[in-house]
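Just so it is clear, the values below take in all heavy atoms, side chains as well, and ignore hydrogens, waters and symmetry mates. We count residues from 1, following the sequence as given.
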Amino acid sequence: EMQVDELQRLLAGMEKEHRSLLLKMKEGEAELARLRSVEGDKLAQQDRSAQLEKEVAMLREKIHHLDDMLKSQQRKVRQMIEQLQNSKTMIQSKDSVIQDLKERVAYLEAENLEMHDRIEHLIEKQVSRGGHSARARSKSEYVSRLFLSCSKRLTGPKPLPLIRVVET
(Lines give C-alpha, C1' and ligand atoms only; values in the text may rest on other atoms or scores of the structure.)
Protein backbone atom coordinates (compact mmCIF):
# COMPACT_ATOMS: atom_id res chain seq x y z
CA GLU A 1 0.00 0.00 0.00
CA MET A 2 2.84 2.24 0.70
CA GLN A 3 4.27 1.52 -2.58
CA VAL A 4 0.93 2.23 -4.22
CA ASP A 5 0.69 5.46 -2.31
CA GLU A 6 4.23 6.23 -3.31
CA LEU A 7 3.47 5.41 -6.92
CA GLN A 8 0.29 7.46 -6.81
CA ARG A 9 2.20 10.34 -5.32
CA LEU A 10 4.88 9.95 -7.95
CA LEU A 11 2.18 9.63 -10.59
CA ALA A 12 0.47 12.78 -9.31
CA GLY A 13 3.81 14.59 -9.29
CA MET A 14 4.48 13.37 -12.80
CA GLU A 15 1.07 14.55 -13.93
CA LYS A 16 1.69 17.86 -12.29
CA GLU A 17 5.07 18.10 -13.95
CA HIS A 18 3.52 17.00 -17.24
CA ARG A 19 0.95 19.81 -16.99
CA SER A 20 3.61 22.35 -16.07
CA LEU A 21 5.75 21.17 -18.99
CA LEU A 22 2.75 21.35 -21.32
CA LEU A 23 2.08 24.86 -20.06
CA LYS A 24 5.73 25.81 -20.55
CA MET A 25 5.65 24.27 -24.03
CA LYS A 26 2.52 26.24 -24.94
CA GLU A 27 4.11 29.41 -23.56
CA GLY A 28 7.25 28.66 -25.60
CA GLU A 29 5.18 28.05 -28.72
CA ALA A 30 3.25 31.27 -28.11
CA GLU A 31 6.55 33.16 -27.65
CA LEU A 32 7.91 31.53 -30.79
CA ALA A 33 4.76 32.50 -32.71
CA ARG A 34 5.01 36.04 -31.35
CA LEU A 35 8.69 36.24 -32.34
CA ARG A 36 7.87 34.88 -35.79
CA SER A 37 5.09 37.42 -36.01
CA VAL A 38 7.44 40.17 -34.88
CA GLU A 39 9.99 39.00 -37.46
CA GLY A 40 7.25 38.86 -40.08
CA ASP A 41 6.19 42.35 -39.04
CA LYS A 42 9.81 43.46 -39.28
CA LEU A 43 10.07 41.98 -42.76
CA ALA A 44 6.77 43.60 -43.72
CA GLN A 45 8.00 46.87 -42.24
CA GLN A 46 11.27 46.54 -44.15
CA ASP A 47 9.38 45.85 -47.37
CA ARG A 48 7.04 48.77 -46.70
CA SER A 49 10.03 50.95 -45.81
CA ALA A 50 11.78 50.03 -49.08
CA GLN A 51 8.59 50.72 -51.03
CA LEU A 52 8.17 54.10 -49.31
CA GLU A 53 11.79 54.98 -50.05
CA LYS A 54 11.20 54.22 -53.73
CA GLU A 55 8.06 56.38 -53.71
CA VAL A 56 9.94 59.21 -51.99
CA ALA A 57 12.72 59.00 -54.60
CA MET A 58 10.14 59.08 -57.41
CA LEU A 59 8.34 62.03 -55.82
CA ARG A 60 11.63 63.92 -55.42
CA GLU A 61 12.37 63.32 -59.08
CA LYS A 62 8.90 64.54 -60.05
CA ILE A 63 9.30 67.61 -57.84
CA HIS A 64 12.67 68.35 -59.44
CA HIS A 65 11.13 67.96 -62.90
CA LEU A 66 8.21 70.23 -61.95
CA ASP A 67 10.62 72.83 -60.53
CA ASP A 68 12.51 72.81 -63.84
CA MET A 69 9.26 73.20 -65.76
CA LEU A 70 8.14 76.01 -63.44
CA LYS A 71 11.43 77.86 -63.90
CA SER A 72 11.14 77.45 -67.65
CA GLN A 73 7.58 78.80 -67.62
CA GLN A 74 8.65 81.72 -65.43
CA ARG A 75 11.42 82.54 -67.91
CA LYS A 76 8.92 82.43 -70.76
CA VAL A 77 6.51 84.68 -68.86
CA ARG A 78 9.30 87.16 -68.11
CA GLN A 79 10.28 87.18 -71.79
CA MET A 80 6.67 87.70 -72.82
CA ILE A 81 6.28 90.56 -70.34
CA GLU A 82 9.49 92.11 -71.64
CA GLN A 83 8.29 91.77 -75.23
CA LEU A 84 4.95 93.24 -74.25
CA GLN A 85 6.64 96.21 -72.58
CA ASN A 86 8.90 96.71 -75.61
CA SER A 87 5.87 96.54 -77.91
CA LYS A 88 4.00 98.98 -75.70
CA THR A 89 6.93 101.41 -75.77
CA MET A 90 7.21 101.03 -79.53
CA ILE A 91 3.47 101.60 -79.96
CA GLN A 92 3.63 104.71 -77.77
CA SER A 93 6.49 106.11 -79.82
CA LYS A 94 4.65 105.33 -83.07
CA ASP A 95 1.49 106.90 -81.65
CA SER A 96 3.53 110.00 -80.86
CA VAL A 97 4.90 110.06 -84.42
CA ILE A 98 1.38 109.56 -85.79
CA GLN A 99 0.06 112.38 -83.65
CA ASP A 100 2.87 114.66 -84.86
CA LEU A 101 2.09 113.69 -88.45
CA LYS A 102 -1.63 114.32 -87.92
CA GLU A 103 -0.86 117.77 -86.54
CA ARG A 104 1.42 118.45 -89.50
CA VAL A 105 -1.22 117.24 -91.97
CA ALA A 106 -3.80 119.44 -90.27
CA TYR A 107 -1.42 122.39 -90.51
CA LEU A 108 -0.67 121.68 -94.17
CA GLU A 109 -4.36 121.21 -94.99
CA ALA A 110 -5.11 124.54 -93.37
CA GLU A 111 -2.26 126.11 -95.30
CA ASN A 112 -3.48 124.42 -98.49
CA LEU A 113 -7.00 125.77 -97.98
CA GLU A 114 -5.56 129.21 -97.38
CA MET A 115 -3.53 128.93 -100.62
CA HIS A 116 -6.61 127.77 -102.55
CA ASP A 117 -8.54 130.73 -101.19
CA ARG A 118 -5.72 133.07 -102.20
CA ILE A 119 -5.55 131.51 -105.66
CA GLU A 120 -9.30 131.81 -106.09
CA HIS A 121 -9.13 135.39 -104.92
CA LEU A 122 -6.23 136.22 -107.23
CA ILE A 123 -7.92 134.46 -110.16
CA GLU A 124 -11.05 136.46 -109.50
CA LYS A 125 -8.98 139.65 -109.49
CA GLN A 126 -7.20 138.64 -112.68
CA VAL A 127 -10.45 137.73 -114.39
CA SER A 128 -12.10 140.96 -113.36
CA ARG A 129 -9.12 142.93 -114.79
CA GLY A 130 -8.89 141.10 -118.09
CA GLY A 131 -11.49 140.25 -120.72
CA HIS A 132 -13.63 137.20 -121.07
CA SER A 133 -11.41 135.65 -123.82
CA ALA A 134 -8.22 136.15 -121.84
CA ARG A 135 -9.79 134.66 -118.74
CA ALA A 136 -9.12 130.97 -119.54
CA ARG A 137 -5.54 131.51 -120.71
CA SER A 138 -4.54 133.82 -117.89
CA LYS A 139 -6.25 131.62 -115.29
CA SER A 140 -4.28 128.50 -116.21
CA GLU A 141 -1.00 130.39 -116.58
CA TYR A 142 -1.50 132.21 -113.34
CA VAL A 143 -2.43 129.00 -111.44
CA SER A 144 0.67 127.17 -112.71
CA ARG A 145 2.97 130.12 -111.83
CA LEU A 146 1.34 130.42 -108.42
CA PHE A 147 1.76 126.69 -107.68
CA LEU A 148 5.42 126.86 -108.66
CA SER A 149 6.06 129.74 -106.32
CA CYS A 150 4.09 128.07 -103.51
CA SER A 151 5.89 124.75 -103.91
CA LYS A 152 9.25 126.55 -103.67
CA ARG A 153 8.14 128.17 -100.43
CA LEU A 154 6.80 124.90 -98.93
CA THR A 155 10.01 122.93 -99.42
CA GLY A 156 11.79 124.62 -96.52
CA PRO A 157 11.06 123.35 -93.00
CA LYS A 158 8.56 125.49 -91.18
CA PRO A 159 7.89 125.35 -87.49
CA LEU A 160 4.57 123.76 -86.73
CA PRO A 161 1.97 125.99 -85.15
CA LEU A 162 0.88 125.39 -81.61
CA ILE A 163 -2.39 123.52 -81.78
CA ARG A 164 -4.38 122.98 -78.66
CA VAL A 165 -6.84 120.14 -78.57
CA VAL A 166 -9.71 120.75 -76.22
CA GLU A 167 -11.86 117.78 -75.27
CA THR A 168 -15.52 118.46 -74.59
Side-chain angles (χ1 to χ4, degrees), residues 29-168:
E29 284 176 350
E31 181 67 20
L32 183 62
R34 189 184 65 75
L35 288 175
R36 284 183 183 159
S37 172
V38 167
E39 273 186 42
D41 288 346
K42 282 183 183 178
L43 288 175
Q45 286 177 352
Q46 286 175 350
D47 289 344
R48 180 71 178 143
S49 177
Q51 182 184 1
L52 289 174
E53 285 175 11
K54 286 179 185 176
E55 286 180 23
V56 166
M58 255 187 353
L59 290 173
R60 282 187 181 143
E61 188 176 323
K62 283 183 180 181
I63 288 170
H64 181 71
H65 179 69
L66 289 174
D67 282 344
D68 289 346
M69 287 178 57
L70 182 64
K71 287 176 185 176
S72 173
Q73 292 299 321
Q74 286 173 340
R75 260 185 265 121
K76 286 180 183 178
V77 167
R78 277 194 299 268
Q79 288 173 349
M80 288 172 62
I81 289 171
E82 187 176 312
Q83 287 175 349
L84 185 64
Q85 288 173 339
N86 290 341
S87 296
K88 192 175 182 180
T89 303
M90 190 181 286
I91 288 171
Q92 287 175 345
S93 69
K94 295 215 181 218
D95 281 348
S96 175
V97 168
I98 288 171
Q99 187 61 35
D100 289 346
L101 290 173
K102 282 181 179 179
E103 290 174 3
R104 195 161 180 206
V105 165
Y107 173 76
L108 291 174
E109 283 176 347
E111 206 172 67
N112 190 22
L113 283 174
E114 184 181 340
M115 291 284 208
H116 277 289
D117 288 346
R118 284 183 184 175
I119 290 172
E120 288 294 323
H121 179 66
L122 291 174
I123 289 173
E124 292 297 322
K125 272 187 173 178
Q126 190 76 19
V127 169
S128 65
R129 269 195 253 155
H132 190 13
S133 61
R135 182 192 308 177
R137 185 177 53 125
S138 66
K139 190 176 188 182
S140 63
E141 286 175 18
Y142 185 72
V143 167
S144 62
R145 272 190 265 141
L146 190 58
F147 274 122
L148 282 175
S149 68
C150 288
S151 66
K152 288 178 185 174
R153 280 193 304 177
L154 287 177
T155 56
K158 288 188 176 181
L160 293 174
L162 177 64
I163 298 175
R164 288 188 179 164
V165 178
V166 178
E167 291 185 24
T168 57

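- Atom CG of L122 sits about 8.5 Å away from atom CD of Q126, to the nearest 0.5 Å.
- One N or O on the side chain of S128 and one on the backbone of E124 form a donor-acceptor pair closer than 3.5 Å.
- Using a 4.0 Å cut-off between charged side-chain N and carboxylate O, E82 and R78 make no salt bridge.
- With values rounded to the nearest 0.5 angstrom, L84 atom CG is found 9.5 Å from T89 atom OG1.
- If you take CG on D41 and CZ on R34, they are separated by 10.5 Å, rounding to the nearest 0.5 Å.
- Expressed to the nearest 0.5 Å, how far NE2 of H121 lies from CD of E114 amounts to 12.5 Å.
- Only one option out of Q45, Q46, Q51 pairs with R48 in a side chain to side chain contact (heavy atoms under 4.5 Å, CB included); it is Q51.
- One finds the CE atom of M90 at 11.0 Å from the CD atom of Q83 (value rounded to the nearest 0.5 Å).
- Using a cut-off of 4.0 Å between Lys/Arg side-chain N and Asp/Glu carboxylate O, R36 and E39 are scored as not salt-bridged.
- Here the options are E103, E111, E109, the test is side-chain hydrogen bond (donor to acceptor under 3.5 Å, both in side chains), and the partner is Y107; only E111 passes.
- Distance check, rounded to the nearest 0.5 Å: CG of L66 to NE2 of H64 gives 10.5 Å.
- Applying the salt bridge (charged side-chain N to carboxylate O under 4.0 Å, His left out) rule to E61 yields no partners; only residues at least two apart in sequence or on another chain are considered.
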